[in-house]
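Along the sequence shown, residues carry numbers from 1.
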Amino acid sequence: MIKVAPSILSADYVNLQRDIEMVDKGGAELLHIDIMDGAFVPALSYGPGWVKAIRPITDMTLDVHMMVESPERYVEDFADAGADIIGVHTEATPHIHRALQMIKNKGVKAEVVINPGTPVAAITPVLYMVDQVLVMTVNPGFGGQKFLPETVKKIAELNEIKKQQNLDFDIEIDGGVNDSTVVGAYQAGATVAVAGSYVFDNDDPVSRIQALKDATK
């Protein structure tokens, strides 16, 4: 059964605490927080202050996805704010090893992220040091996009490397996730599913969390 990480990008910001508490009680294991700088991706969202404000509200794992250029500049700020996982894009820095090392040095779980157009080969040198790999299943920057089915091959490739090298990292998917698209991804090896609009753009978000879990039993 897949672990679910609702993305607050699609939550009601005015009633954010209510929405967080609802998905927490509804069985979500992680809370996905998208950090966007308006440069690496067109959109802007959040800063360390948001993570610091959310931290006392929930015991869920705070899964911070940094879609920013030169993420090394902000690793310590987000770690100090209370992030449990910090994800950095390999496309966003020429120093991906150093960025991941900085995260680990702060005692936080490290995640490497790849866009749909980036091959798995680009991150194989650092897979030994990560706790999670995020495979973007849409192009990053906006919610509500359609799942790209070709990304499932990358999930399967990662899963095979994981087995062959006896590594222990979660494989997370983000983008276009619903109770249909999650099935193939889960079968290929995905262990965590980020879901934003699918969960929060519904009258009963908790039922959507359960639907993802039921689809991957």
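The nearest pair of heavy atoms linking Val192 to Gln132 is CG2-OE1, 3.9 Å.
In this structure, a donor-acceptor pair under 3.5 Å is absent between the side chains of Glu29 and Thr61. Thr118 and Asn115 share no donor-acceptor pair across their side chains, judged by distance under 3.5 Å alone.
Listed by chain and residue number, nothing satisfies the side chain to side chain donor-acceptor pair (under 3.5 Å) test with His95 (two or more places apart in sequence, or in another chain).
In summary, Lys162 and Asp170 do not engage in a salt bridge, as defined by a charged side-chain N under 4.0 Å from a carboxylate O. Between Lys109 and Asp63 there is no salt bridge, since no side-chain nitrogen of the basic residue lies less than 4.0 Å from a carboxylate oxygen of the acidic one.
The aromatic rings of Tyr74 and Phe78 sit perpendicular, their planes meeting at an angle over 60°, well past the 30° parallel limit. Note on ring orientation: taking the six-membered ring where Trp is involved, the planes of His89 and His65 are parallel (angle under 30°, cut-offs 30° and 60°).
Checking each of Val75, Val51, Val88 against Val64 for a side chain to side chain contact (heavy atoms under 4.5 Å, CB included) leaves exactly one that passes, namely Val51. Of the options Arg18, Gln17, Lys25, a side chain to side chain donor-acceptor pair (under 3.5 Å) to Glu21 is made by Gln17 and by none of the others.
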Could you walk me through whether Asp179 and Arg208 pass salt bridge (Lys or Arg N to Asp or Glu O under 4.0 Å), step by step? CA-CA 8 Å; Asp179 58 345; Arg208 290 296 181 91; over 6 Å; no

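Val113 and Leu100 fall into different hydrophobic clusters, where Ile, Leu, Val, Met, Phe, Trp and Tyr side chains are chained together by heavy-atom contacts under 4.5 Å.
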